[in-house]
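Have a look at the structure below before the remarks.
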Amino acid sequence: AFEVEAVASGVTVQVEEGMSIAQALKAAGVKVNVSCEEGVCGTCISEVLEGVPDHRDHFLSDEEKEDNDQIAVCCSRAKTPRLVIDI
Ligand code: FES
């Protein structure tokens, strides 16, 4: 599990195995825009302010993934214990 702070919403959640960041945030009452939920469409791409994403999507290019400043919250996870995102 890892922690995600949604700065704009003022909410911090634990993301357990088997649950996506988007699902964890929604369960905490945060509105998250998702569409495909499979890492393809890019609807859920959000800005990363702190932490390193574990990219699992097929939307961002390799260069964008290396920049570590965007994440597909429907499917990607975290390599660091904590991610701070602009949702
Ligand atoms: Fe489509 Fe996340 S909802 S990439």
When you measure from the side chain of Asp57 to the backbone N and O of Leu60, does any donor-acceptor pair fall under 3.5 Å?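 At least one qualifying donor-acceptor pair exists.
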Is a side-chain donor or acceptor of Glu66 paired with a backbone partner of Glu63 at a separation under 3.5 angstrom?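 No; judged by distance alone, with no hydrogens or angles, the pair does not exist.
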Run the side chain to side chain contact (heavy atoms under 4.5 Å, CB included) test against Glu5 and tell me which residues pass, sequence neighbours left out.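 Expected list: Val7, Thr12, Arg82, Val84.
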Please name all residues satisfying side chain to side chain contact (heavy atoms under 4.5 Å, CB included) with Ala8, sequence neighbours left out, ordered by chain then number. Asp86
Spacing of [X] atom [atom1] and [Y] atom [atom2] [to the nearest 0.5 Å]:
X	Y	atom1	atom2	value
Ile45	Ile71	CD1	CD1	8.5 Å
Ile87	Glu47	CD1	CD	10.5 Å
Thr43	Glu37	OG1	CD	10.0 Å
Ser20	Leu25	OG	CG	8.0 Å
Phe59	Cys74	CZ	SG	11.0 Å
Phe2	Leu83	CZ	CG	6.0 Å

Which heavy atom in [X] sits nearest to a heavy atom in [Y], and how many Å separate them?
X	Y	answer
Ala24	Val13	O-CG1, 3.8 Å
Cys41	Cys36	N-SG, 3.4 Å
Gly39	Cys75	CA-SG, 3.5 Å
Ser46	Val73	OG-CG1, 4.0 Å

Going through the distances and angles, do Gln23 and Ile21 end up as a side chain to side chain contact (heavy atoms under 4.5 Å, CB included)? CA-CA 5 Å; Gln23 287 167 346; Ile21 296 172; over 6 Å; no
Can you list the residues that meet the salt bridge (charged side-chain N to carboxylate O under 4.0 Å, His left out) rule with Asp54, with sequence neighbours excluded?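 Residues passing salt bridge (charged side-chain N to carboxylate O under 4.0 Å, His left out) with Asp54: Arg56.
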Is any side-chain heavy atom of Arg77 closer than 4.5 Å to one of Val15? yes
Less than 4.5 Å apart, any side-chain heavy atom of Asn68 and any of His55? yes
